[in-house]
Amino acid sequence: MTATLRPACPAAETKRPGRWLALAVLVLAVLLVAVDATVLGLATPYISEDLAPTGTQLLWIGDVYSFVIAGLLISMGSLGDRVGRKRILLAGATAFGAVSVLNAYAATPELMIAARALLGVAGATLMPATLALIRNLFHDPRERSLAVGVWGAAASAGAAVGPVTGGLLLEHFWWGSVFLINLPVMALLVLVGSRLLPESRNPDPGPWDLLSVVLSLAGTVGVVYAVKETAAHGFAREALGAGLLGAAALLGFVRRQLALPVPLLDLRLFARRGFSGAVLADLLTVLGLSGLVFFLSQYLQLVQGRRPFEAGLAELPAAVGAVAAGLVAGRAARRFSVRAVVCGGLAAVGLALAALTVVDRSTGYPLLGAVLLVVGAGAGFSFTVTADVILTSVPGERAGAASAVSETAYELGAALGIALLGSLVTGVYRDFTGPAGTPAEARESLGGAVEAAADLPAHTSAALLDAARQSFVDGLALAAGVGAAVLLAAAVAAWFLLRGQRLEDGAERPRDVVGE
């Protein structure tokens, strides 16, 4: 494969032949990550029963993937700009499939946590590469907006395919099977992507600074770990130490980036109000949503008694709304404005979450389905437009690093959301008043209570389940209220930060080194 520096592009060159087929391959990578993230929620009750994790271990299983991926996204996005986005995408997809096998056959909570962490390492290579390749495949802004919409819609479709497929698998196989569905997707991506995807990279990348990589990872993991532990258990010396070390590492990372001639992350990007506003909107949106979403599948299965496949179908409206909104978001932002679409989407999600504060054990599906539909549509509008803003805020040769910032905000928001809102749910849940003889494991998680109740006399079992389920629902309602407040605050912040921001209309000149 020979690399050539493309000249300033004539109009005909702005539309690369085969770009839509190449986009279809990138969609597979998005599906790979989205499916894995969503099936975990459905599998959680089964993992709880089989591996018997503590409440803290269960949260680690849920969020260690996000911890690691958030810490490595910037490094991997920058690495893709240097060594080639196609190369790192295909290598990451192969590793993602291989590590999925470790997740499927994990025999202890500790091994499951380690496998999820390794999956985060592999996953960190995928999302920045897909967005960066879109940036360099589509030079016509309107086509790129549609491509970003398809990319976002694919992530939402993966969120739908994951629960439905996972539900079917969980009804017929053991919980580890939900991770093995990554293998055929990975194989197809590697086989087809190696033929269809063009290679692209920064023509003058500079060295990949290993110390910056270490500082980024240590800083992100340290700070998020401290937040998680403090939210779950209050102030403790261990959490404080981790937070201080993480903050020091992040400070060192920032100072090093400012000193390097070619940094992993150009911090001057954040001086652009549109870029900073889009990143902040993504982080707060996911923070407000993720903790709630993590526990929603448990509510549908363990509180309302739905089977896994039925629970997966119940979550489908969110994906339908997100797919529909993602496909028209770019057009809407050009017709109205970027901030109107983003703020409107965020406000809609916030109000929908507020409606969940009245949820109880017998809440009917019409309310749940309507809330999920609005949440999906609002998030689809917001995420699609902010991704377009972030991509077009930087030159094409830095697309990987910019995409990584966007994905870091997403994953960091997910980790913090699960840590903070998840800890709220867990904290409220643990305070339930159970009958005499309630075993300690019943207070670790609702799944633990269901398992413990199976070994108790009928009257005691019913009283335990009644108290545990009510306490879980109370925690879920509190988390929904906090999430609603976060989303509405994000809408207000985006209104000011995205003032005057517009999506591009004119074709651009690609400056990357590309190979056929």
Side-chain angles (χ1 to χ4, degrees), residues 40-49 51-63 109 228-234 288-306 308 311 314-315 353-365 367-368 371 417-486:
L40 180 65
L42 279 177
T44 296
Y46 298 87
I47 293 172
S48 296
E49 180 180 355
L51 302 185
T54 65
T56 299
Q57 286 177 327
L58 191 61
L59 285 178
W60 272 108
I61 290 172
D63 60 24
K228 172 188 154 323
E229 287 298 302
T230 302
H233 305 296
L289 281 173
S290 58
L292 184 69
V293 171
F294 180 72
F295 286 99
L296 184 60
S297 291
Q298 295 181 63
Y299 168 80
L300 292 171
Q301 293 179 77
L302 300 180
V303 175
Q304 294 203 330
R306 300 177 189 270
E315 297 177 25
L353 291 181
L356 286 183
T357 58
V358 300
V359 71
D360 58 33
R361 286 179 290 172
S362 59
T363 297
Y365 185 71
L367 174 61
L368 292 175
V371 165
I418 291 175
L420 295 174
L421 299 185
S423 296
L424 280 179
V425 176
T426 302
V428 172
Y429 170 77
R430 285 174 175 167
D431 290 337
F432 75 87
T433 302
T438 297
E441 60 266 25
R443 297 188 182 277
E444 292 291 342
S445 67
L446 184 56
V450 171
E451 184 178 358
D455 299 326
L456 296 175
H459 177 73
T460 305
S461 173
L464 169 60
L465 289 177
D466 185 69
R469 285 169 175 161
Q470 183 59 54
S471 186
F472 183 87
V473 170
D474 291 342
L476 193 64
L478 176 60
V482 174
V486 171

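Along the sequence shown, residues are numbered consecutively beginning with 1. The figures that follow rest on heavy atoms only: side chains count, while hydrogens, waters and symmetry mates do not.
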Where do Ile47 and Pro53 come nearest, in terms of heavy atoms and distance?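 Taking every non-hydrogen atom into account, O-CD, 3.7 Å.
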Nearest non-hydrogen partners of Val303 and Arg361, listed with the distance: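 Shortest heavy-atom contact: CG1-CG, 3.6 Å.
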Examine distances only and state if a side-chain atom of [X] and a backbone atom of [Y] form a donor-acceptor pair shorter than 3.5 Å.
X      : Y      : answer
Ser471 : Ala468 : no
Gln57  : Ala52  : no
Tyr429 : Gly475 : no

Sort and list the pairs that fulfil ring-ring contact (aromatic ring centres under 6.0 Å, His included) and have at least one residue in residues 439-467, not counting sequence neighbours. none
In chain order, what residues pass the side chain to side chain contact (heavy atoms under 4.5 Å, CB included) check against Thr460, with sequence neighbours excluded? Pro435, Leu456, Pro457
Go through the structure and list residues passing side chain to side chain contact (heavy atoms under 4.5 Å, CB included) with Val450, not counting sequence neighbours. Leu302, Leu465
Donor-acceptor side-chain pairing of Gln470 and Asp474 below 3.5 angstrom: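 Asp474 and Gln470 do have a side-chain donor-acceptor pair below 3.5 Å.
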Stepwise side-chain contact (heavy atoms from CB on, under 4.5 Å) check, Leu300 with Leu368: CA-CA 10 Å; Leu300 292 171; Leu368 292 175; 4.2 Å; yes
Separation of Leu478 CG from Leu356 CG (nearest 0.5 Å):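 If we round to the nearest 0.5 Å, Leu356:CG and Leu478:CG are 13.0 Å apart.
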For Tyr299, what residues pass the ring pair (Phe, Tyr, Trp, His ring centres under 6.0 Å) criterion, not counting sequence neighbours?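 For Tyr299 there are no ring pair (Phe, Tyr, Trp, His ring centres under 6.0 Å) partners, ignoring immediate neighbours.
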So, using salt bridge (Lys or Arg N to Asp or Glu O under 4.0 Å) as the criterion, who are the partners of Arg469 when residues are at least two apart? none
Identify, with sequence neighbours excluded, every residue that meets salt bridge (Lys or Arg N to Asp or Glu O under 4.0 Å) alongside Asp360.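 If we apply the salt bridge (Lys or Arg N to Asp or Glu O under 4.0 Å) test to Asp360, skipping adjacent residues, there are no hits.
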